[in-house]
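One structure is given below, encoded as structure tokens.
Only this structure's heavy atoms are used, side chains among them; waters, hydrogens and symmetry mates stay out. Throughout, residue positions are numbered sequentially from 1 according to the sequence presented. The structure presented is a predicted model; accordingly, all values stated were derived computationally and were not measured.
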Amino acid sequence: MSSIGSPYSQRMSELRRGTPAADGFRMPGEFEPHAGCWMAWPARPDNWRDGARPAREAFAAVANAIAESESVTVAVNAGDGPGARAMLDPSVRILEIPSDDAWMRDIGPTFVVDDAGARRGVDWEFNAWGGADGGLYPSWDHDDAMASAVCGAEAVDRYRAPFVLEGGSIHSDGEGTLLVTEECLLNPNRNPTRSRSELDRLLREFTGAERVVWLGLGVVNDETDGHVDNLCCFVRPGVVLLSSTDDRADPQYERSLDARRRLESDVDAQGRSFEVHLVHQPGPLTVTAEEAAAVVRGVGVQARRAGDRLAASYVNFYPANDRVVVPGLDGAHDDEALAVIGELFPDRRVVSVPAREVLLGGGNIHCITQPVPGGPR
């Protein structure tokens, strides 16, 4: 495909009243079949070094790896289409949709499905990971409008959730269980007037889940205030993968140990005990002086400083239909991580993509992708 399209020539998504749960919809597990994947193109010079060129190469490598397994759509800002077209596989669809940054997991819709395979989208309120209290940039109107635009392009109806949430802060097993962290969802910079019990109820209403499992703290120095998708994920119902370290002096050690203890003392919506697998974290990794110097000092994104710890994790992968696209981050641990993930996905090829440039922006492969479910189980 050589042209750059616009979703606004297609129908706008219809806003549904009520909730997905009341209408018989559920958030599927990400390991279930996909009809496709959405991404956005990086541009912010105050987040991506060297005018975002290295980040764009990394995003393109991720998109092209996924495109070998399922269809990929990339949203680009005005003027960025030709450059993206030159770097992306010809099969990748490009649509001109404005964004403030490129974290499609958090700004795109969370898709839900019913038993017949119909799809709808959940459009969460977005405030740039904290709004006036720690948000990463001062204007996020384009990002908050992304979910509606994606739903329009996919020709699906949507629900507008009445609370702030990012897609990376929830993980579903597709059978009624959600994973979240207290660090993120209970942070007063998201929903200061809502209690934990209220958020638990709203999560169940807007994902169709029956049980929310609350973990504690996420990955150290995570700009998202501890998104669960950087710490722990479902591999299949009842089975989770948890980022960990064996270094007791590392602050991540106690965080991961607490998460493991909570999981092993809890059950999912079907009454199953959790089978917990561990994958050793990369590094710890830090920002180099060269990397920090190549980022433009902006008005929003927090400064990148040499020596800052990066929130690196192998759990932040994308399970495409016939492969798992895993971030390549650390020569000392990459092969071990690929082996662990490969054992957990025996029917899929495990593909490593160099992803340090994505990590430098504050997230990784799972954070920049949003799957479109493929139909009934």
### Query
Step by step, would you call Leu241 with Ile341 a side chain to side chain contact (heavy atoms under 4.5 Å, CB included)?
CA-CA 8 Å; Leu241 179 64; Ile341 295 170; 4.0 Å; yes

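- Here Asp23 pairs with Arg120 under the salt bridge (Lys or Arg N to Asp or Glu O under 4.0 Å) rule; sequence neighbours left out.
- Atom CZ of Arg53 has 12 or fewer heavy atoms from other residues, nucleotides or ligands within 6.0 Å.
- Between Phe206 and Tyr159, the angle of the ring planes goes over 60°, which puts this pair in the perpendicular group of the 30/60° scheme.
- Under the 4.5 Å side-chain criterion, counting only non-hydrogen atoms from C-beta, Cys367 is not in contact with Asp106.
- Residues Val122 and Val150 do not share a hydrophobic cluster, clusters being chains of Ile/Leu/Val/Met/Phe/Trp/Tyr side chains in contact below 4.5 Å.
- Atom CG of Leu178 and atom OG of Ser169 lie 9.5 Å apart (nearest 0.5 Å).
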### Task
Carefully, step by step, assess Asp100 and Tyr137 under the rule side chain to side chain contact (heavy atoms under 4.5 Å, CB included).
CA-CA 9 Å; Asp100 298 295; Tyr137 33 84; 3.6 Å; yes

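- Proximity of a side-chain donor or acceptor of Thr181 to a complementary backbone N or O of Gly226 within less than 3.5 Å is detected.
- Using a 4.5 Å cut-off on side-chain heavy atoms (C-beta onward), Val76 and Val74 make contact.
- Within the 4.5 Å cutoff, the side chain of Asp144 has no heavy atoms near those of the Ile107 side chain.
- Between the side chains of Thr288 and Glu291, at least one donor N or O sits under 3.5 Å from an acceptor N or O.
- When all heavy atoms of Pro327 and Ile365 are compared, the pair lying nearest together is N-CD1, 3.5 Å.
- Counting heavy atoms from C-beta on, the side chains of Phe234 and Val239 never come closer than 4.5 Å.
- The aromatic rings of His333 and His280 lie parallel to each other, with less than 30° between the two planes, well short of the 60° mark.
- Counting heavy atoms from C-beta on, the side chains of Glu154 and Val372 come closer than 4.5 Å.
- Here the side chain of Asp123 pairs no donor or acceptor atom with the backbone of Pro109 at under 3.5 angstrom.
- Using a 3.5 Å distance cut-off with no hydrogens or angles, the side chains of Asn321 and Ser69 do not pair a donor with an acceptor.
- Nearest heavy atoms, Arg158 versus Cys151: CB-SG, 3.8 Å.
- In summary, Asp80 and Arg56 engage in a salt bridge, as defined by a charged side-chain N under 4.0 Å from a carboxylate O.
- Side chain of Arg105 to main chain of Gly167: no donor-acceptor pair is present (N/O by atom type, distance under 3.5 Å, no hydrogens or angles).
- Looking at Arg196 and Glu182, a side-chain N of the basic residue comes within less than 4.0 Å of a carboxylate O on the acidic one, giving a salt bridge.
- Val72 and Val324 fall into different hydrophobic clusters, where Ile, Leu, Val, Met, Phe, Trp and Tyr are joined by side-chain heavy atoms under 4.5 Å apart, directly or via other members.
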### Task
Would you check, one step at a time, whether the test side chain to side chain contact (heavy atoms under 4.5 Å, CB included) holds for Arg356 with Leu285?
CA-CA 10 Å; Arg356 183 177 175 88; Leu285 306 178; 4.1 Å; yes

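- With rounding to the nearest 0.5 Å, the separation of CZ in Arg190 from CG in Leu165 is 8.5 Å.
- For the pair Arg26 and Glu32, the salt-bridge criterion is met [side-chain N within less than 4.0 Å of a carboxylate O].
- Residues Asp173 and Arg272 come closest through the heavy atom pair OD2-NH2, 4.0 Å.
- Salt-bridge formation is detected for the pair Arg49/Glu357: a Lys NZ or Arg NE/NH1/NH2 atom is positioned less than 4.0 Å from an Asp or Glu carboxylate oxygen.
- Salt bridge annotation for Asp322-Arg348: absent, with no cationic side-chain nitrogen under 4.0 angstrom from a carboxylate oxygen.
- The two atoms that bring Leu338 and Val326 nearest to each other are CD2-CB, 3.9 Å, heavy atoms only.
- Between the side chain of Asp101 and the backbone N or O of Trp103, no donor-acceptor pair lies under 3.5 Å.
- Trp140 contributes a side-chain N or O that, together with a main-chain N or O of Phe126, makes up a donor-acceptor pair within less than 3.5 Å.
- A heavy-atom distance below 4.5 Å is found between the side chains of Asp266 and Phe274.
- Here the shortest heavy-atom pairing between Ala269 and Thr177 reads N-OG1, 2.8 Å.
- Leu217 and Leu242 end up in different hydrophobic clusters when Ile, Leu, Val, Met, Phe, Trp and Tyr side chains are linked at under 4.5 Å.
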### Task
Show your working on side chain to side chain contact (heavy atoms under 4.5 Å, CB included) between His171 and Glu30 and close with a plain yes or no.
CA-CA 8 Å; His171 237 294; Glu30 197 162 355; 3.9 Å; yes

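- The shortest non-hydrogen separation linking Val112 to Pro28 is CA-CD, 4.2 Å.
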#### Entry: Residues Asp308, Arg304; criterion salt bridge (charged side-chain N to carboxylate O under 4.0 Å, His left out); working and verdict
CA-CA 7 Å; Asp308 282 351; Arg304 306 302 183 197; over 6 Å; no

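- In this structure, the side chain of Ser256 does not engage the main chain of Tyr253 through any donor-acceptor pair within 3.5 Å.
- Between the side chain of Ser313 and the backbone N or O of Gln281 there is no donor-acceptor pair closer than 3.5 Å.
- Under 4.0 Å is where a charged nitrogen must lie from a carboxylate oxygen, and between Glu183 and Arg255 at least one such pair does.
- Taken together through direct or relayed side-chain contacts under 4.5 Å among Ile, Leu, Val, Met, Phe, Trp and Tyr, Leu359 and Val220 form parts of separate hydrophobic clusters.
- In this structure, Val180 is a member of the same hydrophobic cluster as Trp124, with clusters built from ILVMFWY side-chain heavy atoms closer than 4.5 Å.
- Using modelled atom types, no side-chain atom of Arg260 and backbone atom of Val276 make a donor-acceptor pair closer than 3.5 Å.
- Judged by distance alone, the side chain of Asp46 and the main-chain N or O of Val296 form no donor-acceptor pair under 3.5 Å.
- No side-chain heavy atom of Asn77 sits less than 4.5 Å from a side-chain heavy atom of Trp41.
- In this structure, Phe111 has its ring center no closer than 6.0 Å to that of Trp38.
- Between the side chains of Asp222 and Thr224, at least one donor-acceptor pair of N or O atoms lies under 3.5 Å.
- Residues Ser91 and Asp89 have side chains that bring a donor and an acceptor to within less than 3.5 angstrom of each other.
- Within the cation-pi definition used here (under 6.0 Å to the ring centroid, within 45° of the axis), Arg262 does not qualify as a partner of Trp214.
- Looking at residues two or more places apart in sequence or on another chain, you find no salt bridge (Lys or Arg N to Asp or Glu O under 4.0 Å) involving Asp133.
- Distance alone, capped at 3.5 Å, is enough to place a donor-acceptor pair between the Arg119 side chain and the Pro373 backbone.
- Take Ser243 and apply the side chain to side chain donor-acceptor pair (under 3.5 Å) test, not counting sequence neighbours, and it matches no residue.
- Between Val92 and Met39, every side-chain heavy-atom pair lies at or beyond the 4.5 Å cut-off.
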### Task
Carefully, step by step, assess Asp229 and His366 under the rule side-chain hydrogen bond (donor to acceptor under 3.5 Å, both in side chains).
CA-CA 7 Å; Asp229 73 344; His366 192 264; 2.7 Å; yes

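- Between Arg261 and Asp258, no side-chain nitrogen of the basic residue sits less than 4.0 Å from a carboxylate oxygen of the acidic one, so the salt-bridge criterion is not met.
- To the nearest 0.5 Å, atom OG1 of residue Thr193 and atom CZ of residue Phe163 are 12.0 Å apart.
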